[in-house]
2 protein chains.
Amino acid sequence: MSDAPSTRTALASPASPSDTAHGTHHSGSIPIQVTPQALKVVCSNCNLRELCMPMGLNDAQLQRIDEVVATRRKVKRGATLFRNGEEFTSLYAIRTGFFKTCVATEDGRDQVTGFQMAGEIIGLDGIVNDQHTCDAVALEDAEVCVMPFDRIEELSREVTALQSHVHKIMSREIVREHGVMLLLGSMRAEERLAAFLLNLVQRLHTRGFSQSELVLRMTREEIGSYLGLKLETVSRTFSKFVEEGTMEVKQRHVRIIDPDALRRLVNPQNCG
Amino acid sequence: MSDAPSTRTALASPASPSDTAHGTHHSGSIPIQVTPQALKVVCSNCNLRELCMPMGLNDAQLQRIDEVVATRRKVKRGATLFRNGEEFTSLYAIRTGFFKTCVATEDGRDQVTGFQMAGEIIGLDGIVNDQHTCDAVALEDAEVCVMPFDRIEELSREVTALQSHVHKIMSREIVREHGVMLLLGSMRAEERLAAFLLNLVQRLHTRGFSQSELVLRMTREEIGSYLGLKLETVSRTFSKFVEEGTMEVKQRHVRIIDPDALRRLVNPQNCG
DNA sequence: CGCACGGTTGACCTGTATCAAGCCGGGTGG
DNA sequence: CCACCCGGCTTGATACAGGTCAACCGTGCG
């Protein structure tokens, strides 16, 4: 709801071979194909391609697309991929790991603007002023594909599908943020947390993880910042969900028992 | 602060010849040039060009840019330019008038996601799914330039400056929304209203209007929706500002007496 | 083993929502 | 031209969600 999942095609192969990365994998319904070529550092062989690159390209176009990724870069947990004020040069496609992006006021308050996982693109904020306006922090060891933006622009003048893809990615981010504004502007704590969890689990499911179990990579405080709540409120709301039998929560491990209860919270009128 | 004004070049000529449109004009420091050519329906002669089109183009490129605008469209006050669910075909550059965009939940709650004025572009939300995901409603009689998106894409493959411009516009919108998230997630009522007014007056100033006086085109309820507050809270907060001598408010007419007081509210640490 | 950080829970407080009454001003019709 | 009406706005009284402050716990890491 606070995302735009509808255009994202279902992913046949999971994003990450590590099944402890974000959550719990399906009980085998989707086979994990770790082909030898998957190790090659090109988009055309990347099993995340369907998440971050356009589809329906022919081989020649795929070859061109490979030119977009200049290098890979590893980011340790807690380190920043980029910071507010740093020069903008590239977009980053997340290969593995989990990020948060946050903006800050001059007086120290900060606001998490999003959590990003494998296959998602970060850095779009930097385009307008040629410098980043937020921090991107890895919440677990991560690896990203570095895609110099001038190269993206150059190539997207030639490959129409890439051009369209870039536009859609930016538009999707705008629509996602509309959803967050709706959440922050008009929902109560329970609804916010419910929407957040449904969104997370949905994105993880797209990547081959369980629909009902997930491991949170962020603290209660970070969740609270994202949702416009204090960490105590996040904690209490989790406890409430547990009391009501909607989910089990053990630290950062969450198992959703009654997803419909969450959906009813987010969509009050459907509770007939 | 919740906008990204820094890259927007100062505008030499005001957006609209009507000085009752949004606020009060400068006391004559900036001459209003209504040239005969201004009536011609092309970007190259539009005095809003510097707001919505790339700069530093040569004549040939300017000619091409003119091809982007297919037609003009008038939208009466209260009417919609587009609605959630409608097919996306075009972006719109506002020539005159004032819009709000809003998203809605299925159960009727809605959230104003932004207010747009002359020179700004709306419709970006529609790109990702080829249909609009919000409503754009004119808050006063308006006129927009209709720019079919396929034409924009086509042309921006050839004119690098246009390509870059489109990317910057989308990125700017993303950054603006980050600012709104910060506002909704971490500010109190007074700070929100202060930030809102400062942002509005700054954008109006860029268009040749007064820095201190403005006429609100939206109701208290719409301001409240945008700021995540109820209309009563917006009204009370206005009253508080008036009591404190920060501004004069008479219905929708606002005169800011002490802008620094507002800035201090938004940036608490600068109140030394 | 113990420390430190993250998380939980309780008691209390406050900012904003809610409900309600009345006001103001602009537009309409007599 | 005036009276009325209605939508938008203001203001007051009260309720409540979530914030704040504080104590404690658990767990994972050094």
Side-chain angles (χ1 to χ4, degrees), chain A residues 20 76-78 98 100 108-112 137 139-141 183-197 214-244 247-254 265 268, chain B residues 20 76-78 98 100 109-112 137 139-141 183-197 215-244 247-254 265 268:
Chain A
T20 57
K76 280 259 169 249
R77 174 184 168 155
F98 200 92
K100 69 170 177 180
R109 279 179 297 188
D110 77 334
Q111 169 77 25
V112 172
V137 181
L139 297 181
E140 60 182 22
D141 290 358
L183 180 144
L184 291 172
S186 72
M187 291 186 176
R188 286 167 321 99
E190 284 180 45
E191 305 175 80
R192 292 184 198 195
L193 190 59
F196 170 71
L197 291 171
L214 70 159
V215 178
L216 302 169
R217 311 316 305 194
M218 68 297 279
T219 66
R220 302 288 190 261
E221 186 167 16
E222 286 161 337
I223 296 172
S225 172
Y226 182 61
L227 299 179
L229 302 170
K230 293 294 162 180
L231 68 94
E232 293 95 329
T233 305
V234 174
S235 180
R236 278 184 236 273
T237 308
F238 268 124
S239 300
K240 183 146 189 276
F241 286 159
V242 171
E243 270 173 43
E244 292 167 347
M247 59 183 67
E248 289 166 8
V249 178
K250 200 173 191 182
Q251 299 292 117
R252 298 193 179 182
H253 197 100
V254 176
L265 269 175
Chain B
T20 56
K76 280 258 168 250
R77 176 185 167 152
F98 199 92
K100 69 169 177 181
R109 280 180 295 189
D110 76 336
Q111 169 77 24
V112 172
V137 181
L139 297 181
E140 60 183 24
D141 291 358
L183 181 145
L184 290 172
S186 72
M187 291 184 175
R188 287 168 319 101
E190 284 180 43
E191 305 175 82
R192 293 184 197 194
L193 190 59
F196 170 71
L197 290 171
V215 178
L216 302 169
R217 312 315 305 193
M218 69 296 277
T219 66
R220 302 289 189 260
E221 186 167 18
E222 285 160 339
I223 296 172
S225 170
Y226 182 60
L227 299 178
L229 302 170
K230 293 294 163 181
L231 68 95
E232 293 96 329
T233 305
V234 174
S235 180
R236 278 184 237 275
T237 308
F238 268 124
S239 300
K240 184 146 185 279
F241 286 158
V242 171
E243 271 170 44
E244 291 166 349
M247 60 184 65
E248 289 167 8
V249 178
K250 200 171 191 182
Q251 298 292 118
R252 300 197 178 178
H253 197 98
V254 177
L265 269 175

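Just so it is clear: chains get the letters A, B, ... in the order the sequence lines come, proteins before strands, and each one is counted from 1. Owing to the predicted nature of the structure, the values given are computational and were not obtained by experimental measurement.
Contacts of B:Q251 classified as side-chain contact (heavy atoms from CB on, under 4.5 Å), with partners at least two apart in sequence or in another chain: none. Legend: residues meeting salt bridge (Lys or Arg N to Asp or Glu O under 4.0 Å) with A:K76, ordered by chain and number and at least two apart, are A:D141.
Under the 3.5 Å distance criterion, the side-chain polar atoms of A:R217 are left unmatched by any main-chain donor or acceptor of A:F98. With B:S225 contributing its side chain and B:V112 its backbone, the two residues share a donor-acceptor pair below 3.5 Å. Here the side chain of B:T237 pairs a donor or acceptor atom with the backbone of B:T233 at under 3.5 angstrom.
Electrostatic pairing of A:R188 and A:E191 counts as a salt bridge here, judged by a charged N lying under 4.0 Å from a carboxylate O.
No side-chain heavy atom of A:R192 sits under 4.5 Å from any side-chain heavy atom of A:Y226. Within the 4.5 Å cutoff, the side chain of B:T219 has heavy atoms near those of the B:R252 side chain.
Comparing the end axes of the helix from C:dC1-D:dG30 to C:dG30-D:dC1, each fitted to five base pairs by superposing C1' atoms of four pairs onto the next four, gives an inter-axis angle of 40° (nearest 10 degrees).
Here D:dT10 presents its P atom at 8 Å from CZ of B:F238, a figure rounded to the nearest Å.
From the 5' end on, the contacts that DNA chain C makes with chain B at under 4.0 Å to a non-hydrogen atom open and close at C:dT16 to C:dC19.
In terms of heavy atoms, A:L184 sits closest to A:G228 at CD2-N, 3.6 Å.
Counting only residues at least two apart or in different chains, salt bridge (Lys or Arg N to Asp or Glu O under 4.0 Å) contacts with residues 220-237 of chain A comprise A:K100-A:E222.
Among the protein residues, B:S235 comes within range of the nucleic acid bases, having at least one heavy atom under 4.0 Å from a base atom.
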Annotated protein contacts, base or backbone, on nucleotides 12-30 of chain D with a non-hydrogen cut-off under 4.0 Å, one of B, S, - each: BB----SSBB---------
